[in-house]
Amino acid sequence: LVNWNGGSALVFGTISYFANQFFDGNHFLLHILSICLASSLSLFYLFKILVLYFNPSKSKKYTIIFGMFSYLFYYSGFLLRDVFIALFYMIAIYLYHENKRCHHL
């Protein structure tokens, strides 16, 4: 039997665990806020990737365009795992390009 939601169950389960242990209990709002945080962090890492190859002004413009017209803006208020996947990919892409850039210097 395959569990197709393994990663999202881990993320949402971890949030639920910490909410039950340290706060007043699990709440839907905590999950929505975690998705909003992941969405914001994705844009942060996108900006950091773009700054490696473009000037900061152009990078900021491209990040705003992506943030407003991509699925991240629309899905940041829904309980979906796609935003976390986008964040993990942005972090992986950033680490790859940052590591590649450091080796060339």
Side-chain angles (χ1 to χ4, degrees):
L1 194 66
V2 177
N3 183 3
W4 293 104
N5 294 320
S8 62
L10 177 68
V11 170
F12 296 130
T14 303
I15 294 168
S16 299
Y17 174 77
F18 283 113
N20 286 324
Q21 293 296 319
F22 301 110
F23 299 113
D24 198 25
N26 191 20
H27 195 274
F28 182 70
L29 181 62
L30 287 174
H31 295 282
I32 295 298
L33 289 175
S34 69
I35 290 172
C36 290
L37 176 67
S39 204
S40 301
L41 286 175
S42 295
L43 296 177
F44 170 74
Y45 279 103
L46 175 65
F47 177 76
K48 288 182 69 123
I49 293 166
L50 291 174
V51 165
L52 294 174
Y53 297 101
F54 299 107
N55 63 34
S57 173
K58 192 178 276 192
S59 299
K60 185 170 136 183
K61 182 176 115 180
Y62 291 157
T63 302
I64 290 171
I65 290 170
F66 181 81
M68 295 300 286
F69 298 112
S70 72
Y71 74 96
L72 287 177
F73 182 72
Y74 179 74
Y75 282 146
S76 65
F78 295 101
L79 188 61
L80 296 173
R81 67 183 189 275
D82 299 343
V83 177
F84 288 106
I85 293 169
L87 173 63
F88 294 143
Y89 270 106
M90 289 289 184
I91 292 171
I93 291 169
Y94 170 71
L95 291 175
Y96 173 77
H97 286 276
E98 177 66 25
N99 190 21
K100 188 175 177 183
R101 185 171 180 259
C102 286
H103 282 89
H104 287 295
L105 294 179

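Side-chain atoms are counted along with the backbone in the values below, which use heavy atoms only and exclude waters and symmetry mates.
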Problem set entry | Validation row: His31, Asn26 side chains within 4.5 angstrom (heavy atoms) | yes
Exercise. Heavy-atom distance under 4.5 Å between the side chains of Phe12 and Phe84, does that happen here?
Worked result: yes
Seminar exercise, completed: dist Tyr96:OH -> Tyr89:OH (nearest 0.5 Å) comes out at 15.0 Å
Exercise. In this structure, are over 12 heavy atoms from other groups packed under 6.0 Å from Asp24 atom CG?
Worked result: no
Problem set entry | Non-hydrogen atoms of Pro56 and Val51 that approach each other most closely | CA-CG2, 4.4 Å
Problem set entry | Heavy-atom pair with the smallest gap, counting every atom of Ala86 and Ser42 | C-OG, 3.9 Å
For this session: Enter the distance from Ile64:CD1 to Ser59:OG here, rounded to the nearest 0.5 Å.
Result: 11.0 Å
Seminar exercise, completed: In short, Ala19 meets Leu30 closest at the heavy-atom pair CB-CD1, 3.3 Å
Problem set entry | ILVMFWY cluster, Leu43 and Ile93 together (side-chain gap under 4.5 Å) | yes
Exercise. Which pairs, with at least one residue in residues 60-69 and sequence neighbours excluded, count as a side-chain hydrogen bond (donor to acceptor under 3.5 Å, both in side chains)?
Worked result: none
Problem set entry | More than 12 heavy atoms of other groups within 6.0 Å of Phe69 CZ | no
Exercise. Residues two or more places apart in sequence or in another chain: which of them pass ring pair (Phe, Tyr, Trp, His ring centres under 6.0 Å) with Phe47?
Worked result: none
For this session: Kindly work out whether a path of hydrophobic side-chain contacts (I/L/V/M/F/W/Y, heavy atoms less than 4.5 Å apart) joins Ile49 to Leu95.
Result: yes
Problem set entry | Distance in Å, Leu50 CG paired with Asn55 CG, rounded so as to fall on 0.5 Å steps | 10.5 Å
Problem set entry | Hphob cluster co-occupancy, Phe44 + Tyr94, side-chain heavy atoms under 4.5 angstrom | yes
For this session: Could you grab the distance from atom OG of Ser40 to atom CG of Leu87, nearest 0.5 Å is fine?
Result: 10.0 Å
Exercise. Cluster question for you: counting only ILVMFWY and a side-chain heavy-atom cut-off of under 4.5 Å, with indirect links fine, are Leu37 and Ile85 together?
Worked result: no
For this session: Group every Ile, Leu, Val, Met, Phe, Trp and Tyr by side-chain heavy-atom contacts under 4.5 Å, then state whether Phe66 and Tyr53 land in the same group.
Result: yes
Problem set entry | Spacing of CG belonging to Leu10 relative to CD1 belonging to Ile15, to within rounding of 0.5 Å | 9.5 Å
Seminar exercise, completed: Rounded to the nearest 0.5 angstrom, the CD-NZ distance for Glu98 and Lys48 is 7.0 Å
